[in-house]
Structure formats: C-alpha cells, structure tokens
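All of these numbers come straight from a predicted model, not from anything done at the bench. Below, chain A is the first sequence line, B the second, and so on; all start at residue 1.
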Number of protein chains: 2
Amino acid sequence: MGWPQVSGEDNLLRLVEAEDGDENNYHLQDQVGFILRKAHQRHVSIFASQIGDLTPPQFAALAKLYDIGETSQNQLGTLIAMDAATVKGVIDRLKARGLVEVSKHEVDKRRLLVNLTPEGREAIERLIPLARAITEETLAPLTAKEAATFLRLLAKLA
Amino acid sequence: MGWPQVSGEDNLLRLVEAEDGDENNYHLQDQVGFILRKAHQRHVSIFASQIGDLTPPQFAALAKLYDIGETSQNQLGTLIAMDAATVKGVIDRLKARGLVEVSKHEVDKRRLLVNLTPEGREAIERLIPLARAITEETLAPLTAKEAATFLRLLAKLA
DNA sequence: CTGATATCATTTGCATACGAATGAATTTGA
DNA sequence: TCAAATTCATTCGTATGCAAATGATATCAG
C-alpha cells in the first residue's frame, strides 16, 4: 500500500488514456529539452576524456582568442555565448594558469582587453587536433550524411 | 598597433591556409559541441520564460515521479540522467518547497524513497501543458519534418 | 559465516550559467 | 553641453553538474 495507492490508479488511468490516443501522456524521454541536455552531457564527457585539464568553455575562449586576437572580455563573451558573469570566471581561471593575459583599453577605460599568452597560444595549437577528435567521437553514432543533416538542423535551433 | 600586430599576421596566415585547403582552420562556430551548448542554452531560456519558478532538472524530477511513482533518490537520478550529487540538490530544493516528500525504505535502510506530495502532483499536472508549449517553441525554427529528423538523430547522439 | 565487494546517500570542491544589483565610463539626444 | 541612457565589468545569490572521498548498509564468495 506504499505507492500503489495513488500511483497505481494513475498507471491504470494512463493506460486507458493511451487507448484513447495518448493525448494526456507526457514522456520526458521524448522531449527535445531532455534529450538535448543528455546529448550535451555526453559531449562534455567525451571532451573531458580527451582534454582533461581544460573545460569546453575554457577551450572555447582560447580558440576564439586564437581566431580573432585580442578583444574585450565582454566581446569575447558574446562571441562564445557566455554572459558577462560567466566569462569573467572563465577568464579569471585561464589568467591564473597563465594562458591569457589582460590589460586595460587605452581609450575606453571600461574595457578589459584579453589576449593569449605564448603559453596559451601553444596550448590551443596543441589542443585543436584533439578537438577535432572530440567532434568526431561525438558524431560517431551518426553516418556522415546524418551528421551533416544533424549539424544543419542543430544550427537552426541554436 | 594594439592588436593588429599579432592578430593581423595570423589572419593573413589563415587566409593563405584557406587557399591551401583550410586544413588548419578551426572554427569554433562549426563544432558540434559549441552549437549543442548554444542550443541547450536557448532551450533553457525558453523554459524559463514559460516556467519561471522551476528549472528543467526540477521539472524532470517531478515529471518522472508523476510517471513512475515513488522511487529511490538514486534510481530517480538514473532515470533523469543526473548523478547522485546533483539529484540530491534537486530533491532537497523540491522538498523545501513541499513538492516532494522523502521517506526511508523499510527493508533497505540505505535507500531514500522520494514521492510527489499532493502539491507536487497538482504542480506537475498544471505544468505539463506548458512543457508541451516549450517543446513547440524550441522546435519552432524547424519544419515538422525537420523536427522529426532532428529528434531522431539527436536521440542517437544522446 | 565472514571478509571482500558493491550499492546508496552524503559531503566537499570546483566549474559553468544566469538574474539582478552596482559602479565606472561612455555615448546619446534634446 | 549636460542629463539620460547605455555599455562594460564586477559581485552576489542560486542552481546545475561532476569527481572524489566517506560512511552506512547490503550482497556475494569462499
């Protein structure tokens, strides 16, 4: 009489509803948000297995700085989809490890300029091949054609 | 001469490489992990706009309990893809709000049983229609056909 | 039966992630 | 020009998310 009392009735009710067309049946497992969260978790896990000493957001910051060179902290955040509070923490940790350095903007005194250090540059150049492997492993469950389709649709959602 | 000094040379180098076949060019924006992270962020944002007083993980816990009835905290975590440490925090907060209640397993004294309270049951029944709207809005950039394809491929990845 | 293993839950430490509030500096507009 | 609005960065509070360590309990193997 523990859970059957309430839940049992519900399971019965749900069976009846299923026969009626399943309209009131909500399956968490089928919701895009839930699957999206799991897919993201899996990717982060793959990332960690290949690049243990850097998180995906930290890698994103380095990769973007490598791509575009010095920028303001806020601008960098915009480019890698992090709000101001989040990017500050990421940059602080990269700074503490000597991978980036910060300086004040000459004219606009509000801005904090961020750039790679030589060590940061060396690190990102060393890691980019691993990042390609991570992408490959993440997409491994799909065929090449499926992967292309998936990336196209995912980009439309993001 | 602030940032052009190093970055300018790099952009030039990259242009040359692009002519060579783009092999050394790494574009964060095209990586599945980065787009996955952004898509997830967008969904969480949509979720928050429709259900402000509950997070997606909290909702997942309630929805799963509504679906299967009372379970152990660990088992619930497995079902909604959360590790033991994470699910504990989620359940603690739901418990503090009176949406779930916990009790000790009669025979296995290690287990902590979790179940919906009447308030929790009422809440999840009220929220499920909103969850459907959230799914719809998240998938809105895709046609119905694209959405079906996307969900199929996403599920293979997750 | 009992020692080795395994499971369940908790705790700690670290790292995103975001809303909201704050302060400093810049830009806008009347 | 100068007050209002905006932008940039920081800080605080809250909420995932995971690894690792710990303690309590349960199960298994010999």
Participant: How many whole angstroms separate atom NZ of B/Lys95 from atom C1' of C/dA9?
Facilitator: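 Nearest whole value for this atom pair: 11 Å.
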Participant: To the nearest angstrom, how far is B/Asp92 atom CG from C/dT11 atom C1'?
Facilitator: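 So the CG-C1' distance, B/Asp92 to C/dT11, works out to 11 Å.
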Participant: Once side chain to side chain contact (heavy atoms under 4.5 Å, CB included) is applied, do any residues pair with A/Thr55, and if so which ones, sequence neighbours excluded?
Facilitator: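 By the side chain to side chain contact (heavy atoms under 4.5 Å, CB included) rule, A/Thr55 matches A/Pro57, A/Gln58.
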Participant: Applying salt bridge (Lys or Arg N to Asp or Glu O under 4.0 Å), which residue pairs with at least one partner in residues 82-94 of chain B are found, sequence neighbours left out?
Facilitator: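 Found B/Lys88-B/Asp92, B/Asp92-B/Lys95.
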Participant: Take B/Thr86 and A/Ser72, find for each the nucleotide of DNA chain D with the closest heavy atom, and name the residue whose nucleotide sits nearer the 5' end.
Facilitator: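 The 5'-side residue here is A/Ser72.
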Participant: Which residues, ordered by chain and number, are linked to A/Val44 in its hydrophobic cluster, where ILVMFWY side chains connect at heavy-atom gaps below 4.5 Å, directly or through other members?
Facilitator: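 ILVMFWY cluster around A/Val44 holds nothing else.
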Participant: Mind calculating the distance between CG (A/Leu113) and C1' (D/dT7) to the nearest angstrom?
Facilitator: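 Those two atoms, CG and C1', are 15 Å apart.
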Participant: Would you mind building the protein contact string for nucleotides 22-28 of chain D? One character per nucleotide, 5' to 3', B for base within reach (heavy atoms under 4.0 Å), S for sugar-phosphate only, - for untouched.
Facilitator: --BBS--
Participant: Output yes when at least one side-chain N/O atom of A/Gln75 is less than 4.0 Å from OP1 or OP2 of D/dT7, else no.
Facilitator: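 Answer is no, no contact under 4.0 Å.
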Participant: Listing request: all side-chain hydrogen bond (donor to acceptor under 3.5 Å, both in side chains) pairs with a residue in residues 103-113 of chain B, at least two apart in sequence or in separate chains.
Facilitator: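 side-chain hydrogen bond (donor to acceptor under 3.5 Å, both in side chains) check on residues 103-113 of chain B returns B/Asp108-B/Arg110, B/Asp108-B/Arg111.
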Participant: Which ring-ring contact (aromatic ring centres under 6.0 Å, His included) pairs, counting each pair once, include a residue from residues 117-147 of chain A, with sequence neighbours left out?
Facilitator: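 Counting only pairs at least two positions apart or across chains, no ring-ring contact (aromatic ring centres under 6.0 Å, His included) contact touches residues 117-147 of chain A.
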Participant: If I take atom CD in residue A/Glu106 and atom P in nucleotide D/dC8, what distance separates them, rounded to the nearest angstrom?
Facilitator: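 Atom-to-atom, A/Glu106 to D/dC8, this comes out as 18 Å.
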Participant: Using a distance-only test with no angle check, is there a side-chain donor-acceptor pair under 3.5 angstrom linking A/Gln75 and A/Lys64?
Facilitator: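 No pair is found: no donor N or O on one side chain lies under 3.5 Å from an acceptor on the other.
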Participant: Sequence neighbours left out, cut at 3.5 Å: what donor-acceptor pairs do the side chains of residues 134-141 of chain B make with other protein atoms?
Facilitator:
residue  : atom : partner  : partner atom : Å
B/Thr135 : OG1  : A/Gln31  : OE1          : 2.7
B/Thr135 : OG1  : B/Ala131 : O            : 3.4
B/Glu137 : OE1  : B/Gln50  : NE2          : 3.1
B/Thr138 : OG1  : B/Ile134 : O            : 2.8

Participant: Expressed in angstrom and rounded to an integer, what is the separation of A/Leu54 atom CG from C/dT16 atom P?
Facilitator: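 A/Leu54 atom CG is separated from C/dT16 atom P by 9 Å.
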Participant: What is the distance, rounded to the nearest whole Å, between atom NE2 of A/His105 and atom P of C/dT26?
Facilitator: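 After rounding, the reported distance stands at 9 Å.
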Participant: Could you check B/Gln73 against A/Met82 and say which one's nearest nucleotide on DNA chain C is further toward the 5' end?
Facilitator: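 It is B/Gln73 whose nearest nucleotide is closer to the 5' end.
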Participant: Which pairs with one or both residues in residues 123-158 of chain A pass ring-ring contact (aromatic ring centres under 6.0 Å, His included), sequence neighbours excluded?
Facilitator: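 As it turns out, the ring-ring contact (aromatic ring centres under 6.0 Å, His included) pairs with a partner in residues 123-158 of chain A, which skip direct neighbours, are A/Phe150-B/Phe150.
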Participant: Provide a list of protein-nucleic acid N or O atom pairs under 3.5 angstrom, restricted to nucleotides 12-15 of chain D.
Facilitator:
none

Participant: Output every pair passing salt bridge (Lys or Arg N to Asp or Glu O under 4.0 Å) with a member in residues 149-158 of chain B, not counting sequence neighbours, ordered by first then second residue.
Facilitator: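 Those involving residues 149-158 of chain B are A/Glu146-B/Arg152, A/Glu146-B/Lys156.
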Participant: Can you name the residues that form a side-chain hydrogen bond (donor to acceptor under 3.5 Å, both in side chains) with A/Lys38, not counting sequence neighbours?
Facilitator: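 Result, side-chain hydrogen bond (donor to acceptor under 3.5 Å, both in side chains) vs A/Lys38: none returned.
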Participant: As a test of reading the structure: which of C/dT10, D/dC18, C/dA17 is closest to the side chain of B/Asp83, going by heavy atoms?
Facilitator: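 My answer, after comparing the listed nucleotides, is D/dC18.
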Participant: Residues of residues 28-50 of chain A with any non-hydrogen atom less than 4.0 angstrom from an atom of DNA chain D: list those, numerically ordered, please.
Facilitator: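 A/Arg37, A/Gln41 - these, ordered by number, are the residues of the stretch whose heavy atoms sit under 4.0 Å from the strand.
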Participant: What integer distance in Å separates B/Lys88:NZ from D/dA19:P?
Facilitator: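 Taking NZ of B/Lys88 and P of D/dA19, I get 19 Å after rounding.
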Participant: Using 30° and 60° as the class limits, which term best fits the ring planes of A/His40 and B/His40: parallel, tilted or perpendicular?
Facilitator: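 Parallel.
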